[in-house]
Amino acid sequence: MIRAFSFFVALFSVSVAHAQTAAVSTAATTSTSTTSTAGNLMQVTLGLLVVLALMAAAAWVLRRFNTAKGQSAAQIKIIGGVSVGNRERVMVVEIADQWIVVGVAPGRVNALATMAKQETTIFTDAAPSKNFSSWLAQTIEKRNAQ
């Protein structure tokens, strides 16, 4: 990121130097001939389009080749969490082969306990219904039976 920033600073300084040189040469030629306003407007517009295209290309390159985020996200997995207040949570996070129980509050994350990785099982109460109408009919029947 620092390299990209230094590249843009260098590019900007070169463009400023070129603009100053162009301004001096334009001032010299302006005394002998008049320039058209439409030509100047077209030159400014094309310059702006070139700068915007360079910025879009730089953003695309940085997004395309920045793989550091993808690797770190794969190493940490959230197993589960429970809200214990308005803005406080207790969460279980898996890092490598270890689970860490953490308390999360605004501006603060504390490790509460660590344990070895465990197998998780998902319990289901009933087989999922094929559609909403059959699920609703079953729920109404269960409620009327009680």
Side-chain angles (χ1 to χ4, degrees), residues 1-27 30 35-146:
M1 187 68 179
I2 293 174
R3 288 184 215 164
F5 180 72
S6 63
F7 171 73
F8 285 119
V9 169
L11 183 64
F12 179 71
S13 64
V14 168
S15 66
V16 167
H18 179 67
Q20 288 174 348
T21 306
V24 169
S25 66
T26 304
T30 306
T35 59
S36 70
T37 306
N40 288 339
L41 183 61
M42 181 64 90
Q43 186 178 9
V44 169
T45 304
L46 288 175
L48 182 62
L49 288 175
V50 168
V51 169
L52 290 175
L54 286 173
M55 289 176 62
W60 178 80
V61 166
L62 287 174
R63 187 174 7 121
R64 173 85 173 150
F65 296 112
N66 190 6
T67 59
K69 278 192 217 176
Q71 293 174 354
S72 65
Q75 296 173 359
I76 299 173
K77 185 165 67 169
I78 297 174
I79 303 301
V82 176
S83 180
V84 292
N86 288 339
R87 297 172 63 187
E88 295 85 16
R89 293 182 60 87
V90 175
M91 301 181 75
V92 178
V93 180
E94 179 182 331
I95 299 176
D97 288 333
Q98 188 174 17
W99 282 4
I100 301 173
V101 180
V102 293
V104 180
R108 193 167 199 181
V109 177
N110 293 328
L112 302 176
T114 59
M115 63 182 97
K117 181 180 175 182
Q118 299 175 6
E119 294 297 323
T120 59
T121 57
I122 300 173
F123 296 104
T124 58
D125 293 336
S129 301
K130 292 182 181 179
N131 56 22
F132 178 74
S133 61
S134 63
W135 172 81
L136 183 62
Q138 289 175 357
T139 305
I140 291 173
E141 287 176 17
K142 286 181 185 178
R143 187 173 187 189
N144 290 338
Q146 293 177 352

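Just so it is clear, the values below take in all heavy atoms, side chains as well, and ignore hydrogens, waters and symmetry mates.
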Using the side-chain hydrogen bond (donor to acceptor under 3.5 Å, both in side chains) rule, collect all pairs that involve residues 80-90, keeping only residues at least two apart or in two chains. none

Please determine whether the number of non-hydrogen atoms from other residues, nucleotides or ligands lying under 6.0 Å from atom CG of L48 exceeds 12. yes

Calculate, to the nearest 0.5 Å, the distance between atoms CG and CG belonging to N131 and L136 respectively. 10.0 Å

Interatomic distance, L54 atom CG to L49 atom CG [nearest 0.5 angstrom]: 11.0 Å

N/O donor to acceptor pairs below 3.5 angstrom from side-chain atoms of residues 110-117, sequence neighbours left out:
residue: K117; atom: NZ; partner: E94; partner atom: OE2; Å: 3.3

To the nearest 0.5 Å, what is the distance between CD on Q43 and CG on L41? 10.5 Å

About how many Å separate CH2 of W99 and CE of M91, when rounded to the nearest 0.5 Å? 13.0 Å

Any side-chain heavy atom of R143 within less than 4.5 Å of one from T139? no

